[in-house]
Amino acid sequence: MNYSVVKIFCLSLVFLFLGNTNLHAQDSKCAEFFRAMEYEKAVLCLEKNQPTSAEGWRMLGEAYRLSGKASKAFRMYDRILKNYDDEATQTDLLKAMVYSRMARQYGKSVEYAQQLLDQYGNNRLASDIIELDSLMDELSDRKTGIFSASPTSISDDQIDIGPMFMSGGELVFASSRRKAQPKRVENTSTGLGFLDVFKATIDGKNLENITRLDGSFQTDYHDGPVSFAKEGSMAAISRTLENGYNAQGQMPLGIFIGNKSEYGEWDSWEAFPHNDPTFSCTHPFLTADGKRLYFSSNMPGGSGGSDIYYSDYTAEGWSKPENMGSRINTSFDEVFPVMTQRGDMLLFASDGHFGLGGLDVLIARKSSLGIYDIIDNPGAPVNSPLDDYGLVLDPMLEYGYFTTNRQASKNREDIYYVKVEVPFEFSKIISGIVRDTAGNGIPNSDVQLVDSFLNVLMTTKTDEEGRYGFELQENGRYLVEARAEGYNEGNNVIVMNPRQLNYTMNLMLPEFEGLSFFGRMMDGEARRFMEDVKVTLTNLDNNDMQSTFSNKDGSFRFALDQYTLDQLYNIRLVVEKTGYQKKTFEFSVTFTENGPFVLNKALNLSMTK
């Protein structure tokens with residue numbers, strides 16, 4: 001790929017290929033071309049005036065990479081490792097490992113991965129390359145699979161990236177095409193125009209009636225990609241921060257949020273409050289309700305390279321960005337996040353996870369803990385040895401579009417059409433956090449999933465942060481119960497529906513304050529929990545009586561402040577509700593340990609009409 005499209009156009013306008021090394025040729029014309037991002041000119045210059053140091057070969061390697069010549073870039077780093085052993089760094093070895101995969105030199109990539117582990121210790125990508133290399137044939141030679149892919153009708157010698165759906169059966173994308181851009185300056189890094197935002201009508205792989213969005217979406221530098229929300233009345237766009245310069249004297253990118261007025265005009269663009277002139281925030285994706293923004297950024301404090309973050313819109317504005325975590329983000333680059341409409345999959349691209357080479361499209365699904373940590377590489381034909389990114393799928397997960405530069409001879413990005421040939425199958429996830437009254441997660445809590453017949457279907461324990469999760473296949477009405485030593489029980493009811501996959505149920509457990517009776521009322525015919533059942537408890541030893549009503553989930557509780565351990569008590573329990581047969585139970589009980597006595601284990605608390 002012309003990697004500058006992702007790394008320069010749409011990410012950061014920065015490439016830290018040399019770190020803090022001093023480049024001997026930094027004042028030369030070749031270095032000037034490189035710093036100006038005129039990579040093809042830098043290649044010609046460095047080929048004519050061959051480097052005499054490791055720093056110079058690094059520059060040529062990166063100039064090759066940024067101009068779409070991955071196989072030549074790989075050879076430059078191979079040269080450094082063989083001929084400049086004393087100057088070779090861990091980064092050189094990482095680059096050789098990654099670029100060799102892009103050049104389809106998978107055997108060399110494994111060799112470099114093993115060398116990296118031997119010399120520098122643990123590295124997730126290197127370990128994956130060694131352990132999963134047997135999967136390469138399956139990934140690269142897959143003839144059929146989840147997707148089929150083909151070029152769209154607009155594939156040409158221009159740069160087209162970042163497809164996103166609009167309302168009204170249209171696709172919006174960023175492009176360097178010059179049509180209707182008579183005032184635009186040339187982008188010297190590619191010789192093409194800066195990116196503008198266009199739209200097209202959709203007919204499968206045929207994209208027709210291409211028009212440029214109105215002037216409010218355009219500036220004199222890069223504009224796009226763009227994402228829409230609230231049925232097309234809200235948008236987030238990535239564009240150059242014209243007044244910002246990083247340490248290299250280059251302009252990073254920022255995100256701007258716009259809202260359409262009642263007259264149909266985009267006249268109120270506001271900068272995302274977490275933009276910064278020293279780093280980039282880009283590749284915005286808004287959820288359908290406009291309340292969450294996913295994006296990519298190379299802001300300080302990340303995993304390295306560019307990470308995926310999200311920010312929520314609250315009463316105070318856009319919240320502090322949250323990093324998506326180490327299962328998503330690596331020390332390399334994660335870019336172009338897209339969340340499917342139901343929230344069941346996070347689509348993104350990475351060159352730091354195991355793949356075919358360059359940026360690969362990846363699909364992250366939620367595990368039973370409710371975290372997007374099940375990462376799948378769909379392989380070919382969506383991914384290739386070069387760069388593939390920006391996958392977006394329609395709400396029904398039947399078709400979509402993505403960007404690729406797999407036609408390396410063109411040295412340009414194209415938009416491809418994908419069709420989902422094998423429907424996705426998803427489990428339903430119930431997840432949450434068990435907390436105490438102060439809001440702290442309670443580790444090692446017992447959590448169980450109960451059906452409407454009070455059958456315990458699954459049990460689990462919370463992790464160190466109090467998180468739990470259940471994965472199941474069927475819709476229904478379920479009860480989630482949690483218990484922990486030193487706390488009273490907590491529970492709640494979830495009613496599932498066919499259109500929703502992920503459910504969050506957080507539970508709060510109050511600290512234990514004494515002995516208690518706990519029960520849950522059931523409708524014996526409808527097999528559901530009963531609310532507003534009057535429950536009367538009488539201690540037959542002293543005629544002490546107390547009453548309560550069952551909650552929405554059928555539960556009730558009696559605090560037994562005057563009861564003690566190892567004492568025999570004779571109890572009468574009466575349950576009644578209009579329209580149902582009254583039931584009376586008499587029993588004896590001795591409490592042998594602190595905590596609630598669960599009446600359903602001893603009594604049939606179901607009622608019939």
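Hydrogens, waters and symmetry mates play no part in the numbers below; they use all other heavy atoms, side chains included.
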Determine whether the aromatic ring centres of residues Phe348 and Phe336 are separated by less than 6.0 angstrom. no
Asn209 vs Thr201, test: side-chain hydrogen bond (donor to acceptor under 3.5 Å, both in side chains). Steps then yes/no. CA-CA 6 Å; Asn209 304 317; Thr201 55; 3.2 Å; yes
Is the ring pair Phe217/Phe228 parallel, tilted or perpendicular, if the boundaries are 30 and 60 degrees? tilted
Cation-pi, Tyr77 ring and Arg58 (6.0 angstrom, 45 degrees): no
Fit a plane to each ring of Phe295 and Tyr309, take the angle between them on a 0 to 90° scale, and name the class: parallel (under 30°), tilted (30 to 60°) or perpendicular (over 60°). parallel
Measure the CG-CG distance between Asn298 and Asp333 for me, rounded to the nearest 0.5 Å. 8.5 Å
Under a 3.5 Å distance rule, please check whether Ser109 uses its side chain to pair with a backbone N or O of Gln105 as donor and acceptor. no
Do Met324 and Asp307 have side-chain heavy atoms sitting under 4.5 Å apart? no
Would you say the side-chain atoms of Gln119 and Gln115 include a donor-acceptor pair closer than 3.5 Å? yes
Is it the case that Arg75 places NZ or CZ above or below the six-membered ring of Tyr64, under 6.0 angstrom from the centre and within 45 degrees of the axis? no
Do Asp388 and Arg406 sit within salt-bridge range, that is, some charged N less than 4.0 Å from a carboxylate O? yes
Electrostatic pair Arg65-Asp387, nearest N-O below 4.0 angstrom: yes
Which residue in the set Phe147, Tyr417, Phe173 passes ring-ring contact (aromatic ring centres under 6.0 Å, His included) when paired with Tyr401? Tyr417
Would you say the side-chain atoms of Ser350 pair up with the backbone N or O of Glu334, donor to acceptor, closer than 3.5 Å? no
Classify the angle between the aromatic ring planes of Tyr294 and Phe285 as parallel (below 30°), tilted (30 to 60°) or perpendicular (above 60°). tilted
Interatomic distance, Asp92 atom CG to Leu81 atom CG [nearest 0.5 angstrom]: 6.0 Å
Output yes when Lys29 and Glu32 qualify as a salt bridge under the 4.0 Å nitrogen-oxygen rule, no when they do not. yes
Check: Tyr84/Glu55 side-chain N/O donor and acceptor closer than 3.5 Å: no
